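Note that the structure is a prediction, hence the values are computed from the model and not measured.
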Amino acid sequence: MLKELQFAGDPVLVTGGGSGIGQACCAALAELGASLMIVGRTEAKLRETEALVREKGASAAVFVADVSDENQVAALRDDVERKWGRLRGLVNNAGDNFVKSIDELSTEKWREIVAVDLDSVFFMCRAFIPLLLKAKKPAIVNVASTFGVIGHPRMPVYCAAKGGVVNLSRQLAVDYGANDLRVNSLCPGPTLSPRVKSYFDRGIVPRAPTEDMVMLKRLAECDEIANVAAFLLSEAASFVHGATIIVDGGQTIH
């Protein structure tokens, strides 16, 4: 199995790679020998991830792009195709959240969150599947959320968008399985990412009840989610396809 976990320099692209789960995915994949393409909107954060990847002995390239913009995604695809010609793995991790009940939610904010959480997955998959099909044993991991399979108070747009990611991933698995392209969605439970930490610090979300929902009575660290994403991309998960992988410490079992 250790051999199947290795990427042997194959190129892998991670969106939202500047912090949190995305940064942890880059670190985990670097340890497994992948060449990382790190995508995000803030160059300074991407450079931090690049340095982390290089410390682990892997190669890295930084791309500043907003993946909720289809024109920027198209330009990113063209750049990757010129430099590498193919893509072994894709982690669609970019995302955001907004805590408002639907009667308080503006149309502008609805569209903004759907754009980054769901439209970006559509744009990236549409753009990069042709490059993935040029690689041997390619795979996509679309990062959704447990809130894509359950409801949660005052998060209608996030739950709707992440539910869309789960079902889009399932559909892509139906459409491309015969081409040997595996597609899975990954649903993290409460994770101590910088964004979630900021919710706690600002009092937007209380920490104690969030932890209490989890049977392990704690939040995930980002690398605990990233380790599963790296496994799903690797050949060690060669028969995992069209699955919704829930990594939540037992949040959704009760």
Side-chain angles (χ1 to χ4, degrees), residues 12-31 36 38-53 62 66-68 90-100 112-113 115-118 120-121 124 141-150 152-155 157-159 161-163 165-166 185-233 245-252:
V12 176
L13 190 154
V14 179
T15 70
S19 64
I21 290 172
Q23 185 178 76
C25 284
C26 291
L29 289 160
E31 290 183 9
L36 272 302
I38 311 163
V39 180
R41 292 184 291 190
T42 306
E43 184 173 2
K45 291 182 178 180
L46 297 176
R47 294 299 177 189
E48 291 176 6
T49 304
E50 179 187 28
L52 181 62
V53 167
V62 163
D66 180 352
V67 292
S68 69
L90 171 62
V91 180
N92 284 311
N93 168 73
D96 202 354
N97 196 356
F98 190 66
V99 182
K100 285 281 188 182
E112 176 187 325
I113 298 301
V116 69
D117 286 356
L118 179 58
S120 67
V121 178
M124 290 294 295
V141 173
N142 293 324
V143 179
S145 167
T146 52
F147 295 159
V149 295
I150 61 173
H152 191 74
R154 305 184 72 229
M155 291 191 183
V157 62
Y158 186 73
C159 290
K162 291 302 188 178
V165 172
V166 169
S185 60
L186 175 60
C187 295
T191 303
L192 205 53
S193 66
R195 185 177 70 196
V196 172
K197 286 180 183 177
S198 76
Y199 293 160
F200 295 150
D201 292 343
R202 290 181 287 157
I204 295 174
V205 177
R207 179 163 181 166
T210 302
E211 291 180 334
D212 195 51
M213 291 190 301
V214 179
M215 293 297 95
L216 293 181
K217 300 305 176 185
R218 66 176 178 86
L219 304 179
E221 296 294 336
C222 290
D223 61 351
E224 293 182 290
I225 307 302
N227 289 344
V228 180
F231 165 73
L232 289 172
L233 278 189
I245 305 298
I246 296 173
V247 186
D248 70 347
Q251 178 196 30
T252 59

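Atoms OG1 and CG, on Thr15 and Asp66 in that order, are 10.5 Å from each other to the nearest 0.5 Å. Distance check: Cys25 SG to Ile225 CD1 gives 9.0 Å after rounding to the nearest 0.5 Å. For the atom pair OG (Ser68) and CG (Leu118), the distance works out to 11.5 Å, reported to the nearest 0.5 Å. Separating the CG atom in Asp248 from the OG1 atom in Thr146 is a distance of 6.0 Å, to the nearest 0.5 Å. The CD1 atom of Ile38 lies 14.5 Å from the NZ atom of Lys45; values are rounded to the nearest 0.5 Å. The distance from atom CD of Gln23 to atom CG of Asn93, rounded to the nearest 0.5 Å, is 11.0 Å.
In this structure, Pro190 and Val196 have side chains that are not in contact, with every pair of non-hydrogen atoms separated by 4.5 Å or more.
Listed here is the closest heavy atom pair of Gly22 and Val14: O-CG1, 3.7 Å. Scanning both residues, Ala30 and Val53, for their nearest heavy atoms gives CB-CG1, 3.9 Å. The two residues Asp117 and Tyr158 make their nearest non-hydrogen contact at OD2-CD1, 3.4 Å. Of all the heavy atoms in Gly189 and Thr191, the pair that sits closest is O-OG1, 2.8 Å. Between Tyr199 and Asp96, the shortest heavy-atom distance links the atoms OH-OD1, 4.3 Å. Gly18 and Leu46 get closest at one heavy-atom pair: N-CD2, 3.7 Å.
Residues satisfying the side-chain contact (heavy atoms from CB on, under 4.5 Å) criterion with Val228, sequence neighbours excluded, are Leu186, Leu232, Ile245, Val247. For Phe147, the ring-ring contact (aromatic ring centres under 6.0 Å, His included) criterion is met by His152, not counting sequence neighbours. The salt bridge (Lys or Arg N to Asp or Glu O under 4.0 Å) test applied to Arg154 returns Glu104, not counting sequence neighbours. Contacts of Thr42 classified as side chain to side chain donor-acceptor pair (under 3.5 Å), with partners at least two apart in sequence or in another chain: none. Looking at residues two or more places apart in sequence or on another chain, you find a salt bridge (Lys or Arg N to Asp or Glu O under 4.0 Å) between Glu112 and Lys109.
Salt-bridge annotation for Glu50 and Arg47: present, with a side-chain N of the basic residue lying under 4.0 Å from a carboxylate O of the acidic one.
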For a quick test of your reading: what N or O donor-acceptor pairs under 3.5 Å do the side chains of residues 215-223 make, sequence neighbours left out?
residue : atom : partner : partner atom : Å
Lys217  : NZ   : Asp212  : O            : 2.8
Lys217  : NZ   : Asp212  : OD1          : 3.1
Arg218  : NH1  : Glu224  : OE1          : 3.0
Arg218  : NH2  : Glu224  : OE2          : 2.9

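Not one N or O on the side chain of Lys162 forms a donor-acceptor pair closer than 3.5 Å with the backbone of Val149. In this structure, the side chain of Asn142 does not engage the main chain of Val165 through any donor-acceptor pair within 3.5 Å. When atom types are taken as modelled, the side chain of Ser145 and the backbone of Cys187 share no donor-acceptor pair closer than 3.5 angstrom. Looking at Ser193, its side chain never comes within 3.5 Å of a backbone N or O of Ile21 through a donor-acceptor pair.
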Go through Val39 and Met124 one step at a time and tell me if the side chain to side chain contact (heavy atoms under 4.5 Å, CB included) criterion holds. CA-CA 11 Å; Val39 180; Met124 290 294 295; 5.7 Å; no

